[in-house]
Visitor: 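This is the structure I want to talk about, given as C-alpha cells.
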Amino acid sequence: QNLLDDFGGFDYAHDMGKDSIYNIYVLGEKAYGVNVSKMDSIGSILWTTHSDKRYRKCITQNDGTTFLAASGEAYNTNYKIFQVGKINGAGTFSFESTATQETDYALTVGSMNVDNNNDVIVAGERRYKQNQTGARIAMVVDKFSNSGSGSLSWHREIPIHDTTTN
C-alpha cells in the first residue's frame, strides 16, 4: 500500500511518533479531518483510522497508544477550542474530548505531552484581538484525563504580553 494513496495524494503529514518496536504512527490531514496510519519498520501500512477533527500534534507511547491534539473554533460561536483524542495500538479511538474557551481572536496548540498517569497536557497560545487599547497574549495549559471520556481536569492561563489599558 502506498502512504500517499491512503492520504489521498494531496494532504499533509503534520506529526509522527513511534512505539517500542519501532512501528511508526503518522498523523496526516485529509480534506475533512485527519488520518492516522500505523506502519511497521519496513513501511507497510498496518491500519489507518480517520477523525473529522483537525489534529496537528501527536505523541505515541511504547504500547502504541497515540494521543492527538488540535485547536480550532467551535461552530458558529466566539469560542475557541482545544481538542484531544486517544487511539489504542489497534487503531480504535478511545475518546475525543474538547475544552472550550471564549476568546475573540486565536487559540493555537504549540506542544503536548503525557504525565506519569498518562493524562494529556496541551500547551498553546491564546491571543486577544489587538485594538486601540492594545493586545493581550497568554500561554494556555490544559490537562485532560486519560480515563473515561478524556474530560478536562484543569485549565491554566499565564499572561505573557499585555499592552491593554484599563
Visitor: Do Q61 and N118 have side-chain N/O donor and acceptor atoms under 3.5 Å apart?
Guide: yes
Visitor: Mind checking the NZ-OG spacing from K53 to S97? Nearest 0.5 Å is all I need.
Guide: 9.5 Å
Visitor: Check the pair M139, E157 against side chain to side chain contact (heavy atoms under 4.5 Å, CB included), reporting the backbone distance first and the verdict last.
Guide: CA-CA 6 Å; M139 180 175 61; E157 198 163 313; over 6 Å; no
Visitor: Could you tell me if T65 and D63 have a donor-acceptor pair between their side chains, going purely by distance under 3.5 Å?
Guide: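 D63 vs T65: donor-acceptor pair found between side chains.
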Visitor: If you define the side chain from C-beta out and look only at heavy atoms, does anything of L152 sit under 4.5 Å from D142?
Guide: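 Contact flag for L152/D142 side chains = yes.
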Visitor: Rounded at 0.5 Å granularity, tell me how far CD1 in I45 sits from CD1 in I24.
Guide: 12.5 Å
Visitor: If only side-chain N and O atoms count, and only distance matters, is there a donor-acceptor pair under 3.5 Å linking N146 with K86?
Guide: yes
Visitor: For the residue pair T92 and T49, establish whether any side-chain heavy-atom pair is separated by less than 4.5 Å.
Guide: no
Visitor: Please report the interatomic distance CZ(F95) to OG(S147), rounded to the nearest 0.5 Å.
Guide: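 Rounded to the nearest 0.5 Å, the CZ-OG separation comes out at 8.0 Å.
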Visitor: Only one of L68, T48, V26 passes side chain to side chain contact (heavy atoms under 4.5 Å, CB included) with V36; say which it is.
Guide: L68
Visitor: Taking atom CG of D40 and atom CG of D19, what is their separation to the nearest 0.5 Å?
Guide: 10.5 Å
Visitor: Evaluate the side chain to side chain contact (heavy atoms under 4.5 Å, CB included) criterion for residues F144 and V122: first the C-alpha distance (whole Å), next the side-chain angles of each, then the deciding distance (0.1 Å), finally the verdict.
Guide: CA-CA 8 Å; F144 294 85; V122 179; 4.1 Å; yes
Visitor: Whether the side chain of N117 engages the backbone of D119 through a donor-acceptor N/O pair (distance < 3.5 Å, no angle test) should be reported.
Guide: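 Between the backbone of D119 and the side chain of N117 there is no qualifying donor-acceptor contact (under 3.5 Å).
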Visitor: Which value, rounded to the nearest 0.5 Å, describes the distance between R56 atom CZ and H14 atom NE2?
Guide: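 If I round to the nearest 0.5 Å, the distance is 3.5 Å.
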Visitor: Checking side chain to side chain contact (heavy atoms under 4.5 Å, CB included) against I87, which of F67, F93, Y25 comes through?
Guide: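 Single pass found, and it is F93.
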Visitor: Under a 4.0 Å threshold between the charged nitrogen and the carboxylate oxygen, would K143 count as salt-bridged to D115?
Guide: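 Result for this pair is yes, salt bridge flagged.
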Visitor: Can you list everything that forms a side chain to side chain contact (heavy atoms under 4.5 Å, CB included) with S149? Sequence neighbours excluded, please.
Guide: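 Here the qualifying residues are S151.
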Visitor: Just by modelled atom types, is the C58 backbone N or O under 3.5 Å from a matching donor or acceptor in the D15 side chain?
Guide: yes
Visitor: Using the rule given for side chain to side chain contact (heavy atoms under 4.5 Å, CB included), can you reason through I121 versus V141, listing the C-alpha separation, both sets of side-chain angles and the distance that settles it, and then say yes or no?
Guide: CA-CA 7 Å; I121 312 293; V141 182; 3.7 Å; yes
Visitor: Apply the test side chain to side chain contact (heavy atoms under 4.5 Å, CB included) to residues E96 and S51: give CA-CA distance (whole Å), side-chain angles for both, the deciding distance (0.1 Å), then the verdict.
Guide: CA-CA 9 Å; E96 292 186 280; S51 171; 2.6 Å; yes
Visitor: For the side chain of R54 and the backbone of D52, is there at least one donor-acceptor N/O pair under 3.5 Å apart?
Guide: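 Checked: no pair found.
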Visitor: Contact between V109 and Y55 at the side-chain level, heavy atoms closer than 4.5 Å - yes or no?
Guide: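 With C-beta onward as the side chain, the pair stays apart.
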